[in-house]
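Working notes for the structure below.
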Amino acid sequence: GDHRDLHLSIRRQRQMCIRDSVMWLRIAQGNCLVALGQSQAAVALLSVPANSSKRTIALASTTAIGSAKLQAGDYHQATKIFTKALSDKQAAHWPARNQAESDLALTQIIIGNTDSGLETLHAVQEKFREQKDTASLLQALENELKTLELEKRDEAAKVVKSKIRAIERT
């Protein structure tokens with residue numbers, strides 16, 4: 001009896017792990033489709049993991065849908081998706097959360113909420129810095145620089161340029 005129960009328990013655990021892995025694989029595939037400009041296909045693929053009962057899977061998939069909407073030019077919808085997913089306090093972290101925060105900042109800036117977008121961008125830049133994610137940090141700083149130049153905030157733009165140069169020198 002005990003061995004059989006243990007065996008069944010192990011099989012159930014293994015099946016759950018496989019299901020989770022399939023969901024994470026779908027999220028990765030969705031992100032690839034977004035990168036290839038296939039936003040509609042990405043959203044279709046991501047809809048299944050977005051409805052997962054596992055919060056981290058659902059939120060990772062939902063923010064990937066937000067990225068697809070951002071890439072497709074649906075900025076208001078993307079902002080809503082990112083804001084809702086990132087305000088979920090039950091799932092503190094998941095892979096690519098920082099990238100989702102960076103995308104939220106971008107959508108906020110695009111729709112005209114420049115100050116809150118820059119605030120979000122500064123917070124995520126700090127996370128990129130802490131995690132030594134130099135490529136993402138540089139991208140976020142470049143986005144900030146473009147915004148500041150468009151807004152004619154010349155002094156702030158000079159500060160960001162010097163931050164970029166300092167990182168590129170290291």
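Counting heavy atoms of neighbouring residues, nucleotides and ligands inside a 6.0 Å radius, atom CD of E119 does not exceed 12 of them. Residue-environment remark: CD (E168) exceeds the threshold of 12 foreign heavy atoms within 6.0 Å.
Under the 4.5 Å side-chain heavy-atom criterion for Ile, Leu, Val, Met, Phe, Trp and Tyr, I111 and L148 are members of distinct hydrophobic clusters. The hydrophobic clustering, which links ILVMFWY residues whose side-chain heavy atoms are closer than 4.5 Å, places W24 and V43 together. Two different hydrophobic clusters hold I110 and V124 under the rule that ILVMFWY side chains link at heavy-atom gaps under 4.5 Å. Linking ILVMFWY residues whenever their side-chain heavy atoms come closer than 4.5 Å, directly or via other members, leaves F128 and L104 in distinct clusters.
The pair E101-R97 meets the salt-bridge criterion, since a charged nitrogen lies less than 4.0 angstrom from a carboxylate oxygen. Between D115 and R153 a salt bridge is recorded (basic side-chain N to carboxylate O distance below 4.0 Å).
Looking at T83, its side chain never comes within 3.5 Å of a backbone N or O of K80 through a donor-acceptor pair. The backbone N or O of A105 sits nowhere less than 3.5 Å from a side-chain atom of T120 that would complete a donor-acceptor pair. In terms of modelled atom types and a separation under 3.5 Å, the side chain of S61 and the main chain of I27 share no donor-acceptor contact.
Across all their heavy atoms, F82 and T63 have their closest contact at CE2-O, 3.3 Å. Closest of all the heavy-atom pairs between R26 and L45 is O-CD2, 3.5 Å. Residues W94 and A85 come closest through the heavy atom pair CH2-O, 4.0 Å. Minimum interatomic distance between N31 and A64 (heavy atoms only, all atoms of both residues): OD1-CB, 3.3 Å. In terms of heavy-atom proximity, A50 sits nearest to T62 at CB-OG1, 3.9 Å. Taking each heavy atom of L121 and S102 in turn, the nearest pair found is CD1-OG, 4.1 Å.
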Requested in this report: Test side-chain contact (heavy atoms from CB on, under 4.5 Å) on M23 and V48 and set out the steps.
Outcome: CA-CA 8 Å; M23 292 298 184; V48 172; 3.8 Å; yes
Requested in this report: Give the intermediate values and the outcome of salt bridge (charged side-chain N to carboxylate O under 4.0 Å, His left out) for residues K158 and E155.
Outcome: CA-CA 5 Å; K158 283 181 193 172; E155 288 306 309; 3.5 Å; yes
Requested in this report: Please step through side-chain contact (heavy atoms from CB on, under 4.5 Å) for the pair H122 and E144, ending with a clear verdict.
Outcome: CA-CA 9 Å; H122 292 151; E144 181 180 6; 2.6 Å; yes
Query raised in the report: Which is it for D133 and N98 under the side-chain contact (heavy atoms from CB on, under 4.5 Å) test, yes or no, and what are the steps along the way?
Result: CA-CA 10 Å; D133 184 349; N98 291 343; over 6 Å; no
Query raised in the report: Do I81 and L70 pass the side-chain contact (heavy atoms from CB on, under 4.5 Å) test, and can you show the C-alpha distance, the side-chain angles, and the key distance before you say yes or no?
Result: CA-CA 10 Å; I81 290 169; L70 167 62; over 6 Å; no
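In this structure, the separation between CG on L46 and CD on Q29 is 9.5 Å, given to the nearest 0.5 Å. Atoms CG and CD, on L36 and Q71 in that order, are 9.0 Å from each other to the nearest 0.5 Å. Annotation: the span from D20 atom CG to L25 atom CG amounts to 12.5 Å, rounded to 0.5 Å. Note that CG of L137 and CD of E142 are 10.5 Å apart. Values are rounded to the nearest 0.5 Å. Atoms NZ and NE2, from K127 and H93 in turn, are 8.5 Å apart once rounded to the nearest 0.5 Å. Rounded to the nearest 0.5 angstrom, S39 OG and I65 CD1 are separated by 11.5 Å.
The side chain to side chain donor-acceptor pair (under 3.5 Å) with R129 is formed by just one residue from the set Q131, Q125, E126; it is E126.
The shortest side-chain heavy-atom distance between Y75 and I109 does not fall under the 4.5 Å cut-off.
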